[in-house]
Amino acid sequence: MARGLDHLMEQNETELPFLASYGADMDGLGIDVVALFSGVETFLVSRGVYFEVDEDCIKYNSISISKHEDGLLFEVEHEQLPLVHSDLDRVGFFQGTLHEDKSKLSVILQMWGGEHRRFLERLVEHCA
C-alpha cells in the first residue's frame with residue numbers, strides 16, 4: 001500500500017536548528033542582522049577577499065554591505081553587473097532594484113544560504 005504524505009514527512013523529518021544561525025529568526029521575531037552581518041563577513045574571509053569593515057558596514061571595491069533594520073543593505077555601482085531583475089526577486093531578497101543599464105544595484109538581504117552566497121560570489125568576482 002502507498003504510504004501517506006504525513007508518514008513520509010515524519011520518516012524524513014530532520015531538526016535543522018543551525019539554519020537559524022544566519023538571518024531570519026525561525027520564531028518570527030525578526031531578522032538577526034548582527035548574525036547575518038557576521039555570516040557575510042565570515043564568508044568573505046573564507047574566500048580570501050580583502051575588504052574594509054567597521055561595526056556597521058563592509059566595503060569591497062564598489063560593493064557596500066551595511067546593516068539595515070530589515071537585513072543587510074547591498075549597494076553596488078559597477079559596469080555591467082552580471083544580474084537580471086529576477087535575481088533580486090528570490091527568497092531572502094527584499095526591495096531589490098537594478099538600473100536598466102545594470103550599473104547600479106540595491107537590495108536588502110534577509111537570509112543567508114546557498115543562493116545568497118552565490119549572489120555575493122558573483123558580485124565579488126565581477127567587481128574585483
Side-chain angles (χ1 to χ4, degrees):
M1 298 204 80
R3 293 184 177 160
L5 179 59
D6 291 337
H7 175 74
L8 184 60
M9 289 174 64
E10 182 179 302
Q11 183 181 8
N12 293 299
E13 187 175 302
T14 304
E15 291 282 329
L16 300 173
F18 65 90
L19 292 178
S21 300
Y22 302 116
D25 181 344
M26 302 306 264
D27 296 328
L29 299 175
I31 296 167
D32 188 342
V33 176
V34 173
L36 193 56
F37 189 83
S38 177
V40 169
E41 185 177 5
T42 300
F43 174 75
L44 291 171
V45 168
S46 75
R47 296 296 192 262
V49 177
Y50 296 99
F51 55 91
E52 296 176 28
V53 64
D54 64 30
E55 186 177 314
D56 296 318
C57 187
I58 295 171
K59 292 188 185 263
Y60 172 74
N61 295 341
S62 56
I63 301 171
S64 173
I65 305 166
S66 54
K67 292 178 183 175
H68 184 277
E69 65 184 20
D70 294 321
L72 295 182
L73 175 61
F74 277 63
E75 296 177 301
V76 183
E77 200 164 340
H78 197 84
E79 294 178 358
Q80 292 299 311
L81 292 169
L83 302 168
V84 294
H85 293 283
S86 63
D87 288 324
L88 307 177
D89 290 335
R90 298 181 179 182
V91 173
F93 295 96
F94 180 62
Q95 296 181 340
T97 59
L98 178 64
H99 283 221
E100 287 301 316
D101 65 359
K102 296 185 180 183
S103 67
K104 194 171 183 180
L105 144 77
S106 174
V107 67
I108 297 173
L109 191 74
Q110 295 186 316
M111 56 189 333
W112 186 243
E115 191 170 329
H116 310 99
R117 287 189 296 271
R118 286 187 293 279
F119 170 80
L120 182 54
E121 281 177 329
R122 287 168 51 197
L123 289 176
V124 166
E125 183 177 306
H126 184 75
C127 297

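Below, all heavy atoms of this structure are taken into account, side chains as well, without hydrogens, waters or symmetry copies.
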If only atom types and distance count, is the side chain of Lys102 paired as donor or acceptor with the main-chain N or O of Leu83 below 3.5 Å?
yes
Check step by step if side chain to side chain contact (heavy atoms under 4.5 Å, CB included) holds for Tyr60 and Val49.
CA-CA 8 Å; Tyr60 172 74; Val49 177; 3.5 Å; yes
Side-chain atoms of residues 121-128: list all donor-acceptor pairs with protein atoms under 3.5 Å, sequence neighbours left out, distances to 0.1 Å.
residue: Glu121; atom: OE2; partner: Arg47; partner atom: NE; Å: 3.1
residue: Glu121; atom: OE2; partner: Arg47; partner atom: NH2; Å: 3.2
residue: Arg122; atom: NH2; partner: Pro82; partner atom: O; Å: 2.4
residue: Arg122; atom: NH2; partner: Asp87; partner atom: OD2; Å: 3.1
residue: His126; atom: NE2; partner: Glu79; partner atom: O; Å: 2.7
residue: His126; atom: NE2; partner: Gln80; partner atom: O; Å: 2.9

Rounded distance (nearest 0.5 Å) linking atom CZ of Phe37 with atom CH2 of Trp112
12.0 Å
Between the CG atom in Leu109 and the CG atom in Leu120, the distance rounded to the nearest 0.5 Å is 8.5 Å
Side chain Lys67, main chain Glu55, donor-acceptor under 3.5 Å:
yes
What I'd like to find out is whether the side chain of Glu75 reaches to under 4.5 Å of the side chain of Lys59, using heavy atoms alone.
no
Is the backbone N or O of Thr97 less than 3.5 Å from a side-chain atom of Ser106, with the two atoms forming a donor-acceptor pair by type?
no
Is there a side-chain contact between Val33 and His68 (heavy atoms, below 4.5 Å)?
no
When rounded to the nearest 0.5 Å, the distance separating CG of Leu88 from CD of Gln95 is 12.0 Å
Any sub-3.5 Å donor-acceptor pair from His99's side-chain atoms to Asp101's backbone N or O?
no
Under the 4.5 Å side-chain heavy-atom rule for ILVMFWY, direct or indirect, which residues accompany Phe94?
Leu73, Ile108
Does the Thr42 side chain pair with the main chain of Ser38, one donor and one acceptor, at a distance under 3.5 Å?
yes
I'd like to check Asn61 versus Phe51 (side-chain heavy atoms, cut-off strictly below 4.5 Å). Are they in contact?
no
How long is the gap from OG on Ser103 to CG on Leu81, to the nearest 0.5 Å?
7.0 Å
Going from CD1 on Ile65 to SG on Cys57, what distance comes out if it is rounded to the nearest 0.5 angstrom?
8.0 Å
Using 30° and 60° as the class boundaries, would you call the ring planes of Phe93 and His116 parallel, tilted or perpendicular?
tilted
Return the OG to CD distance between Ser62 and Glu77, rounded to the nearest 0.5 Å.
8.0 Å
